[in-house]
There are 2 protein chains.
Amino acid sequence: MAEPRIRVSSIDGKLAQEFAVPSHVEEVKAKMSAFATHHAAAGRSVVLITSGGTKVPLESRTVRFLDNFSSGRRGAASAEYFIDSGYAVVFLHRHRSLYPYTRTFSTINMLDALQFRSGEEVSGSSGGVVVDQQVLPNVAKVLKRYQEVKDGGLLLPIEFSTLSEYLHLLKAAAQALGTIGPKAMFYLAAAVSDFYIPASEMPEHKIQSSNGPLQLSLNMVPKILSPLVKDWAPQAFVISFKLETDATILLEKARRALDTYRHQAVVANVLDSRRGYVVVVTPATQAELILTEEDVKNEVEIEERIVSNLTSAHSQFITQQAS
Amino acid sequence: MAEPRIRVSSIDGKLAQEFAVPSHVEEVKAKMSAFATHHAAAGRSVVLITSGGTKVPLESRTVRFLDNFSSGRRGAASAEYFIDSGYAVVFLHRHRSLYPYTRTFSTINMLDALQFRSGEEVSGSSGGVVVDQQVLPNVAKVLKRYQEVKDGGLLLPIEFSTLSEYLHLLKAAAQALGTIGPKAMFYLAAAVSDFYIPASEMPEHKIQSSNGPLQLSLNMVPKILSPLVKDWAPQAFVISFKLETDATILLEKARRALDTYRHQAVVANVLDSRRGYVVVVTPATQAELILTEEDVKNEVEIEERIVSNLTSAHSQFITQQAS
């Protein structure tokens with residue numbers, strides 16, 4: 001059963017009224033526009049990846065906030081596979097979440113991976129410092145690829161922290177990539193809050209614990225997928241993500257999202273198994289992507305399979321739109 | 001006006017009942033005990049620093065959580081100055097918050113700071129990788145100090161993420177350091193949540209946004225400073241932190257905390273000015289620590305001043321206890 005269609009104009013209005021506009025949004029939008037136009041002209045598809053969780057402040061001078069569980073691993077890994085598949089990537093990610101290529105070293109304290117070039121330790125603070133490749137065996141390979149991607153200008157990183165920043169930057173990105181039509185893909189992997197406290201209802205100062213237990217009343221975040229699909233980038237290929245902890249409601253929720261927003265695909269996954277099992281749901285199909293034990297042993301990542309599935313579908317989509 | 005004294009036994013009971021005990025707590029406690037005993041025997045004082053914010057889950061299979069604003073900068077910087085002052089440091093910090101020494105490079109993507117040793121780029125993946133000291137001019141100095149501290153065994157890092165982990169590990173730390181009497185200092189700089197949802201009232205699965213706006217009801221976190229001062233480490237030198245956004249209530253709240261918990265000092269600070277101004281409040285004194293423009297230009301950090309003030313007070317405290 002489809003949810004009632006959502007009025008787009010009211011969402012756009014709410015966005016302007018209740019979520020503070022980041023001061024740099026126009027500047028970022030111009031950058032994303034130039035990036036998209038440049039790569040589309042060179043024959044490349046452009047994907048916008050959103051990654052990491054959003055921060056929802058509880059006070060205007062913020063000490064406390066609501067957050068969503070997300071390391072940003074899926075978004076960062078996917079960015080690498082999209083680039084390997086010939087895409088240019090706008091990487092709209094939570095400040096300090098995992099980053100493409102660098103993610104490989106995220107569990108290591110950088111200073112544990114460095115050493116003085118032999119014999120130079122004694123000479124003190126001006127000596128050469130090298131990477132210990134016993135600690136980081138892949139560093140040369142990863143660095144080489146990182147530098148190629150940087151030199152090729154294939155990755156445009158944009159940061160957000162709060163929900164407000166995320167919403168306004170996503171709108172700007174959608175409008176910027178909307179201009180290249182079906183060559184644009186949206187891969188909305190960020191863990192976005194469903195709830196927020198409107199600025200008008202937010203206390204200015206730190207909530208005092210001496211006032212006793214805390215009652216919080218949170219509003220629902222406007223469903224931005226709706227204007228994105230209908231207004232901002234109506235020709236683009238749009239993928240949303242659905243994460244649940246309860247597997248029994250997952251596929252029904254994925255289908256309902258497709259019915260409501262009329263976009264191209266939902267990547268559905270369950271919290272506990274998300275690294276080894278996802279279902280790509282489209283209006284006409286349902287593909288299970290699974291890592292076998294063999295895959296895991298070979299360090300295959302499920303993001304490689306997800307990206308492979310979606311880039312194929314996107315190619316078909318582009319061909320259909322052209323005819 | 002003092003708050004009514006808090007019953008300690010009820011806090012300890014609540015801790016056991018309503019906050020899940022981390023499985024490794026006894027192992028960590030043994031490590032901290034051995035660390036404290038070893039350094040105290042060598043004539044060193046030992047400080048427990050808590051650092052970073054606590055995560056408060058809203059669901060037992062957690063997708064959403066409450067968090068406290070804190071990069072962990074104050075705790076990480078302070079750890080370095082305590083070590084410089086001859087202390088051994090137990091660093092109880094939030095997973096992925098800023099870390100002593102490494103914090104210097106926290107704003108830099110590691111791969112932007114690395115390069116192939118000249119001429120080896122072409123040879124590909126087996127080449128030598130060195131740090132570009134134009135990007136990280138202090139790396140040799142910082143690495144040298146990091147290695148000295150590591151070789152000296154002066155820093156014991158312990159991680160927490162959730163409020164439950166924080167509370168149980170702090171209790172374990174207090175009991176472990178309690179055995180060395182007045183030579184132990186507690187420097188409680190972590191941004192700990194005042195509110196939580198008890199396990200019994202927490203939904204198992206991800207809260208559904210289709211159910212409409214969210215009402216959250218949060219209980220007050222037990223004031224663990226009370227049993228710490230009275231039972232777990234009654235001879236130790238204990239410093240708590242008070243962060244407010246409203247400067248007008250700050251000092252009164254600091255004094256009230258000293259009246260209630262009967263510990264040695266409160267470091268009071270206001271969110272917006274915390275990097276340049278703090279007040280160290282003790283039952284008998286009140287010291288303003290201020291960075292001048294000159295200090296800022298010379299990259300002096302206020303943590304150096306805080307640590308200098310407190311290590312002096314701690315020395316006096318040790319002498320008094322001995323006589």
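Below, read A as the first sequence line, B as the second, and so on, with proteins coming before strands; counting in each chain starts at 1. Values reported hereafter were calculated over all heavy atoms of this structure, with side chains retained and with hydrogens, waters and symmetry mates removed.
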query: Would you say the side chain of A/D112 lies within less than 4.5 Å of the side chain of B/Y146, judging by non-hydrogen atoms?
result: yes
field: Contacting moiety of B/S106, where chain A heavy atoms sit under 4.5 Å
entry: both
query: Should the pair A/R64-B/D194 be classified as a salt bridge under the 4.0 Å nitrogen-to-oxygen rule?
result: yes
query: Are A/D67 and B/K55 within salt-bridge range, i.e. N to O under 4.0 Å?
result: no
- line: Result for side-chain contact (heavy atoms from CB on, under 4.5 Å) between B/L214 and one of A/L216, A/L218, A/N219 points to A/L218
field: Point-to-point distance, once rounded to the nearest 0.5 Å, from CG of A/N109 to OH of B/Y99
entry: 6.0 Å
task: Heavy atoms only, distances under 4.5 angstrom: which of A/N68, A/L271, A/V142, A/L136 has the most pairs with chain B? Name it, please.
output: A/N68
query: What are the two closest heavy atoms between A/F65 and B/F69, and how far apart are they?
result: CE2-N, 3.5 Å
query: If every non-hydrogen atom of B/Q215 is compared with every non-hydrogen atom of A/S217, which pair is closest and at what distance?
result: NE2-OG, 3.1 Å
- request: Find the one option among B/V56, B/I249, B/D132, B/L114 whose heavy-atom pairs under 4.5 Å with chain A are most numerous.
  value: B/L114
message: For chain B, which candidate among A/D272, A/L58, A/L66, A/L111 shows the most heavy-atom pairs at distances under 4.5 Å?
response: A/L111
statement: Counting heavy-atom pairs under 4.5 Å with chain A, the top scorer among B/S70, B/A191, B/P57, B/G212 is B/G212
task: With side-chain contact (heavy atoms from CB on, under 4.5 Å) as the test, would you mind laying out the steps for B/S71 and A/R96 before giving the verdict?
output: CA-CA 11 Å; B/S71 66; A/R96 289 179 164 282; 5.7 Å; no
query: After noting the C-alpha distance and the side-chain angles of B/V129 and A/V130, does the key distance pass the side-chain contact (heavy atoms from CB on, under 4.5 Å) rule?
result: CA-CA 6 Å; B/V129 174; A/V130 302; over 6 Å; no
message: Quick check for you: among A/L143, A/T107, A/V221, A/L243, which has the greatest number of heavy-atom pairs under 4.5 Å with chain B?
response: A/L143
- line: Of all heavy-atom pairs linking A/G128 and B/Q133, the shortest is CA-NE2, 3.8 Å
